Amino acid sequence: AAADCVVLVTIPRLSSIRDTKKTGEFVDRVGGSIGGLVVNEAGRESATTPERLAGFLEVPLLRAAPLDETVASAQDQGAQSPSSSPPLQR
């Protein structure tokens with residue numbers, strides 16, 4: 001197998017969701033395992049929530065990372081991105 005497990009990552013935009021769905025379908029088709037979903041830019045203007053996206057894709061939601069200008073600014077300045085999210089639970 002090419003990977004033990006695939007984590008799908010998307011943003012809440014229709015084109016990204018479509019591509020993520022296609023990726024999940026491909027993983028299923030080749031007999032792979034999907035570990036879950038990470039939604040970046042959660043909370044941006046969107047018609048859906050990270051939980052609804054995970055339900056639509058039929059995978060567990062691992063993390064929803066909010067759109068945060070502090071992170072973008074820190075990256076632009078070459079600084080380590082601030083993190084307020086707890087570590088992933090396994």
Side-chain angles (χ1 to χ4, degrees):
D4 293 333
C5 183
V6 173
V7 173
L8 300 174
V9 179
T10 192
I11 61 172
R13 295 193 58 114
L14 187 55
S15 60
S16 296
I17 296 165
R18 281 189 196 129
D19 289 344
T20 302
K21 184 158 181 64
K22 287 188 232 175
T23 301
E25 290 168 349
F26 175 77
V27 171
D28 287 341
R29 201 167 42 253
V30 299
S33 173
I34 298 175
L37 175 69
V38 173
V39 179
N40 283 324
E41 299 183 14
R44 74 182 300 167
E45 284 190 32
S46 172
T48 192
T49 65
E51 293 79 12
R52 286 185 61 201
L53 280 176
F56 171 72
L57 297 170
E58 300 178 347
V59 298
L61 178 63
L62 300 176
R63 176 69 56 95
L67 179 60
D68 186 342
E69 290 302 321
T70 305
V71 173
S73 178
Q75 290 172 338
D76 288 346
Q77 296 174 15
Q80 182 175 352
S81 297
S83 174
S84 59
S85 298
L88 290 174
Q89 301 298 314
R90 294 184 186 235

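Model, not experiment: these values are computed from the prediction. For the single chain, residues carry numbers from 1 onward in sequence order.
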Kindly compute the distance separating [atom1] ([X]) from [atom2] ([Y]), expressed to the nearest 0.5 Å.
{"X": "Ser16", "Y": "Lys21", "atom1": "OG", "atom2": "NZ", "answer": "15.0 Å"}
{"X": "Thr10", "Y": "Asp19", "atom1": "OG1", "atom2": "CG", "answer": "8.0 Å"}
{"X": "Ile17", "Y": "Arg52", "atom1": "CD1", "atom2": "CZ", "answer": "10.0 Å"}

Side chain to side chain contact (heavy atoms under 4.5 Å, CB included) between Val39 and Ile11, worked out: CA-CA 5 Å; Val39 179; Ile11 61 172; 5.9 Å; no

By side-chain contact (heavy atoms from CB on, under 4.5 Å) - contacts of Glu51 (at least two apart): Thr49, Leu61

Partner residues of Arg18 under the side-chain contact (heavy atoms from CB on, under 4.5 Å) criterion, sequence neighbours left out: Leu14

Atom of Ala54, atom of Pro60 and distance for their closest heavy-atom approach: CB-C, 4.3 Å

Sequence-distant partners of Glu58, side chain to side chain donor-acceptor pair (under 3.5 Å), two or more places apart: none

Asp28 and Ile34: CA distance, side-chain angles, deciding distance, side chain to side chain contact (heavy atoms under 4.5 Å, CB included) verdict: CA-CA 8 Å; Asp28 287 341; Ile34 298 175; 4.0 Å; yes

Same apolar cluster: Phe56 and Val27, side chain cutoff 4.5 Å: yes

Val9 reachable from Leu53 in the ILVMFWY side-chain graph, under 4.5 Å edges: no

Val7/Leu37 under side chain to side chain contact (heavy atoms under 4.5 Å, CB included): CA gap, chis, key distance, verdict: CA-CA 6 Å; Val7 173; Leu37 175 69; over 6 Å; no

Side chains of Ser33 and Val6 in contact at under 4.5 Å (non-hydrogen atoms): no

